[in-house]
Structure formats: C-alpha cells, structure tokens
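Single-structure report; data block below.
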Amino acid sequence: MNNIRLQIPAQADFIDVVRLCLYGIASKVGFTYEEIEDMKVAVAEACNNAVLHAYPDQNDGVIDIRFDCDATSIKVVVKDYGVTFNHINALQEAAPLQGVQARELQAGGLGIYLMQALMDEVSVQSDQGTQVTLTKYKGD
C-alpha cells in the first residue's frame, strides 16, 4: 500500500491543491474519470468543512491529508485539529432528503450526506479535532 501525505493551511485557496493531488494519485491507481470526479467533490467537502468550522477564530490552522492507495482502492483521511462537532447530530439533521424542497434544506450536515453518497465508506471521528476517512473502491 502506498501512503502519500499532504499538509495545507486551513484556507479555502488550498483545497484545489488537494483536489489536484487526488486526481494524480487516483489516475495512477486506475480509477475512471467519473470515480475521480466523485472523489474530488467528497474530499473537497471534507476539507471545506475543516476550513469553515474547525478554526473559526484562527488564521494559522492546518489540515493534514493522507492518501492510502493500492491496486483496488483509495482511502483519503482529512484531519484537522480545531473545534470538534457532533457528526451524528449533523447526519440526523441532513436525512432523509427524499421529498424535501430545496428551500427547506438545512446547511448543517449536507456535506456528510454528500460524502456518503459519493464514496463507498465514510467514517468521522470527532475527538481532538475532526478526522474524516473516505474510501472508494475501483469499479471493474
């Protein structure tokens, strides 16, 4: 298994760096264009959550990203060291979305729902910061 690490400032301008890195790694593993695009959206959402919520009163926060990949899958771990949140409550507030009008949607928790829709496995740990682990398996 290959392991690639990246650390970025917790600023929105640097999320594109993560997306580009993911594209390069996922291409080497052999994921399809559609799979890569789904992963880019999910990983960007995890990073965006860290930028927006982990460091509300700081400008010096960081986000650690780790890419673990092999011939059949890629796992992306997004870790911040800022303010934690209750991800279980956020998930409950986001679902179910069937039959809900766009004007009725709540902002909180939709990112996690989106990540779950685009990735094969999603886990969140919220102690000493927040760690989101996103896993995608190659479709053959």
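The basis for the numbers below is simple: all heavy atoms, side chains too, and nothing from hydrogens, waters or symmetry mates. Since this is a predicted model, take the numbers as computed values, not measurements.
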- Report yes if the side chains of N48 and I15 come closer than 4.5 Å at any heavy-atom pair, otherwise no. yes
- Query: Between D120 and Y137, is there a donor-acceptor pair closer than 3.5 Å when you use the side chain of the first and the backbone of the second?
  - Reply: yes
- More than 12 non-hydrogen atoms from neighbouring residues, nucleotides or ligands closer than 6.0 Å to NZ on K79, yes or no? yes
- Task: Report, as yes or no, whether the 6.0 Å neighbourhood of atom CD on Q7 holds more than 12 heavy atoms from other residues, nucleotides or ligands.
- Result: yes
- Message: Just so I know, are the side chains of N3 and F67 near enough to count as touching, which here means a heavy-atom distance under 4.5 Å?
- Response: no
- Item | Derivation of the side-chain contact (heavy atoms from CB on, under 4.5 Å) call for V51 and I63 | CA-CA 8 Å; V51 167; I63 304 169; 3.8 Å; yes
- Task: Assess whether atom OH of Y23 is packed by more than 12 heavy atoms of other residues, nucleotides or ligands within 6.0 Å.
- Result: no
- Under 3.5 Å, is there a donor-acceptor pair linking the side chains of D60 and Y55? no
- Test: D38 and K40 ion pair at under 4.0 Å: no
- Tightest non-hydrogen contact, residues R19 and V41, listed as NH1-N, 4.1 Å
- Query: With side chains defined as the heavy atoms from C-beta onward, is the minimum distance between K138 and V29 less than 4.5 Å?
  - Reply: yes
- Query: Where is the tightest heavy-atom contact between D80 and A50, given as atom of each residue plus distance?
  - Reply: OD2-CB, 3.6 Å
- Message: Applying a strict under-4.5 Å side-chain criterion to I, L, V, M, F, W and Y, I'd like to know whether I8 and V62 cluster together.
- Response: no
- Message: Hydrophobic cluster membership, with links at side-chain heavy-atom distances under 4.5 Å among I/L/V/M/F/W/Y: are V76 and L20 in one?
- Response: no
- Message: I need the Q131 CD to S123 OG distance, nearest 0.5 Å.
- Response: 7.0 Å
- Query: Just how far is it from atom CE of M39 to atom CD1 of I74, taken to the nearest 0.5 Å?
  - Reply: 5.5 Å
- Message: Checking I25 against I4 for the side-chain contact (heavy atoms from CB on, under 4.5 Å) test, could you report, in this order, the C-alpha distance in whole Å, the side-chain angles of both residues, the deciding distance, and whether it holds?
- Response: CA-CA 9 Å; I25 294 166; I4 299 102; 4.0 Å; yes
- In this structure, CG of L114 is separated from CD of E45 (nearest 0.5 Å) by 6.0 Å
- side-chain contact (heavy atoms from CB on, under 4.5 Å) evaluation trace for N2 with D68: CA-CA 6 Å; N2 293 314; D68 298 329; over 6 Å; no
- Interatomic spacing from CG in N49 to CG in L52 - rounded to 0.5 Å: 7.0 Å
- Message: Please determine whether residues I36 and L6 belong to a single hydrophobic cluster, defined as Ile, Leu, Val, Met, Phe, Trp and Tyr linked transitively by side-chain heavy-atom distances below 4.5 Å.
- Response: yes
- Message: I want to check something: taking the side chain as every heavy atom from C-beta on, are L118 and E37 in contact at a cut-off of under 4.5 Å?
- Response: no
- Task: Give the cluster check for V77 versus F31: same hydrophobic cluster or not, with ILVMFWY residues linked at side-chain heavy-atom distances below 4.5 Å.
- Result: no
- Between T130 and V132, is a side-chain contact (heavy atoms from CB on, under 4.5 Å) present by the stated rule, with each step listed? CA-CA 7 Å; T130 301; V132 178; 4.2 Å; yes
- Shared hydrophobic cluster for F14 and Y81 (ILVMFWY, side-chain gaps under 4.5 Å): no
- Beyond-backbone contact of T133 with K75, side-chain heavy atoms, under 4.5 angstrom: yes
- Item | Donor-acceptor under 3.5 Å (E35 side chain, T32 main chain) | yes
- Which atom of C47 lies closest to which atom of V18, heavy atoms considered: SG-CG1, 4.1 Å
- Which atoms form the tightest heavy-atom contact between M115 and A46, and what is the distance? SD-CB, 3.9 Å
- Message: Go through it in stages, so that I can follow the logic: the residues are D64 and R66, the test is salt bridge (Lys or Arg N to Asp or Glu O under 4.0 Å), and I'd like the CA-CA distance, side-chain angles, deciding distance and then a yes or no.
- Response: CA-CA 7 Å; D64 286 327; R66 188 180 80 229; over 6 Å; no
